[in-house]
Amino acid sequence: MKKYEEIKEILKKNNQEQLLVCYDKLDTEGKEKLLNQISDIDFKQINTLYENTKNNKNTNSKDDLIEPIDYVDESKLTEEEYNNYKNVGENIIKTKKLAVLTVAGGQGTRLGFKGPKGKYDIGLDTHESLFELICKPLKEANKKYGVIIPWYIMTSNENNEETVSFFKENNYFGYPEKEVKFFIQGEIPMISEDGKILVNEEGFVKLAADGHGGVFKSMVRSGVLKDLNARNVDWLVIGPVDNPLINMADPIFLGVTASKNCMAAGKSVVKANPEERVGVFCKRNKKPSVIEYTEISQEMCNLRDKNGELVFGESNVNCNLFNMKRINEVAENELPYHAAHKKADYIDENGKLVVAEKPNAYKYETFIFDAFESMESMAILRVKREEEFAPVKNAEGVDSPATSRELYKKFYNIK
Ligand code: UTP
């Protein structure tokens with residue numbers, strides 16, 4: 001009871017008393033869970049996030065100095081350069097200094113698939129899931145280099161159980177089971193348009209995944225970071241679950257980054273056209289960064305250098321490499337939160353269910369690429385779109401299962 005009274009007091013002070021609206025209806029365990037959830041809320045953080053959203057305070061400023069960033073075009077390397085990078089990279093893999101991590105905690109809203117996106121079948125004759133397809137090159141690298149690359153998979157509270165079961169049912173797709181480790185990403189409360197933390201249909205705090213940038217803090221919380229450090233891993237590639245052509249165990253990527261003494265790297269593909277709605281690598285206030293398509297002017301989009309190349313043309317494909325020293329540091333710092341206006345059903349302060357017909361609440365997410373700004377330098381490796389990028393984002397049209405399947409078949413020469 002003491003805890004209840006204390007929590008009530010805290011809620012009153014923060015003007016969030018609606019959070020206890022279903023308390024009396026919960027069983028003992030539920031009551032305990034709700035009180036614990038509320039004690040975990042950082043009300044100061046929630047207030048700041050809400051105020052920033054209301055005042056339209058974007059995390060990035062119009063006054064930022066945006067400049068192009070140097071990149072290495074893999075297809076233009078000389079044979080000697082290529083071989084040197086390859087040697088450096090292969091040595092990293094062979095000496096077990098590489099681990100890979102798949103962020104698979106997203107909801108896949110645009111695809112509209114219920115369940116973990118990694119379970120999705122893009123329609124190949126083999127009906128392999130995205131998880132199985134991204135596992136294949138890892139298995140090949142293991143065979144080639146005589147190692148077993150540790151594979152970490154970040155799930156969400158929503159999809160963890162189903163993801164783990166899927167791996168078990170499929171015998172881990174032939175990957176050594178003890179080298180596949182799952183961990184759950186963090187969550188943050190959703191807020192109504194008037195700043196109230198929402199209550200979900202079960203009477204608990206309505207939480208939502210905190211974005212793929214949550215990977216760093218979740219690695220700390222779950223012990224993954226400790227595990228990586230204990231294994232003396234030096235480099236970690238972090239990639240998405242929804243690109244079946246992703247090449248994470250890539251010696252050239254590792255070799256370029258290590259040889260240039262960079263602490264992080266990102267793969268890019270040339271923008272399909274100046275208007276493509278993608279984030280591109282750049283320098284922001286002299287630091288590596290990504291500029292979103294919503295932020296970039298028409299003029300910058302179309303700017304070309306003397307060779308006719310787009311100046312801001314390096315699309316971020318979300319396949320990134322970090323030196324473990326920097327992962328340790330990034331995990332200790334806060335990444336900025338970005339607000340998304342979403343539809344959310346919730347229980348109101350009178351205990352009534354509100355069904356959202358239009359966006360009515362804010363969800364807050366952090367992004368991996370915001371970690372780039374804490375790097376003094378970063379290697380960008382331009383790879384070929386047709387070899388490494390077949391994203392599955394939308395149900396139809398651009399970046400859909402149909403386009404991904406075609407690209408996949410073309411690359412692997414499947415009839
Ligand atoms: P996206 O940002 O494209 O999100 O994720 P999504 O969930 O796949 O799709 P939408 O936006 O809801 O339609 C890029 C990668 O980041 C992961 C996704 O699982 C995907 O691999 N991700 C995204 C997380 O792991 N956690 C998140 O909170 C968000």
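Atoms within each ligand, like the ligands themselves, are counted from 1 in listed order. Remember, it's a predicted structure, so these values are computed and weren't measured experimentally. Position 1 is the first residue of the sequence; numbering continues from there.
Proximity of A104 to ligand 1, defined as any heavy-atom pair under 4.0 Å, is confined to the backbone N, CA, C and O atoms.
Of the candidates G106, P116, G118, P391, it is G106 that places a heavy atom closest to atom 22 (N) of ligand 1.
Looking only at protein heavy atoms, the nearest one to atom 16 (O) of ligand 1 is H212 CD2, 3.4 Å.
Under the 4.0 Å criterion applied to side-chain N and carboxylate O atoms, E201 and K206 are assigned as salt-bridge partners. Using a 4.0 Å cut-off between a side-chain N of Lys or Arg and a carboxylate O of Asp or Glu, K271 and E314 do not qualify as a salt bridge. Between E388 and K267, at least one side-chain nitrogen of the basic residue sits less than 4.0 Å from a carboxylate oxygen of the acidic one, meeting the salt-bridge criterion. Salt bridge absent: E295 and R277 never bring a charged side-chain N and a carboxylate O closer than 4.0 Å.
For ligand 1, the atoms lying closer than 4.0 Å to a non-hydrogen atom of Q107 are 7 (O). Numbered from 1 in the order shown, with element, the atoms of ligand 1 that lie under 4.0 Å from a heavy atom of M154 read 25 (O). Applying the 4.0 Å criterion to heavy atoms of A209 picks out, from ligand 1, the atoms 28 (O). Within the listing of ligand 1, atoms 19 (O), 21 (O) sit less than 4.0 angstrom from a heavy atom of V241. Listed by atom number, the atoms of ligand 1 under 4.0 Å from D242 heavy atoms are 8 (O). Interface of P240 with ligand 1, defined as ligand atoms under 4.0 Å from a residue heavy atom, comprises 15 (C), 21 (O). Residue G211 approaches ligand 1 through these ligand atoms, each under 4.0 Å from one of its heavy atoms: 26 (N), 27 (C), 28 (O).
Taking all atoms of both residues into account, the shortest heavy-atom contact from V88 to A258 is CG1-CB, 4.0 Å. Across all their heavy atoms, Q185 and G211 have their closest contact at NE2-O, 3.3 Å. Nearest heavy atoms, V278 versus S315: CG2-OG, 3.4 Å.
Residue-to-ligand polar distances place V103 within reach of ligand 1: an N/O pair is separated by less than 3.5 Å. Taking distance alone, with nitrogen or oxygen atoms compared against 3.5 Å, Q185 approaches ligand 1 more closely than that limit.
Remark: aromatic rings of F166 and F173 are close, center separation under 6.0 Å.
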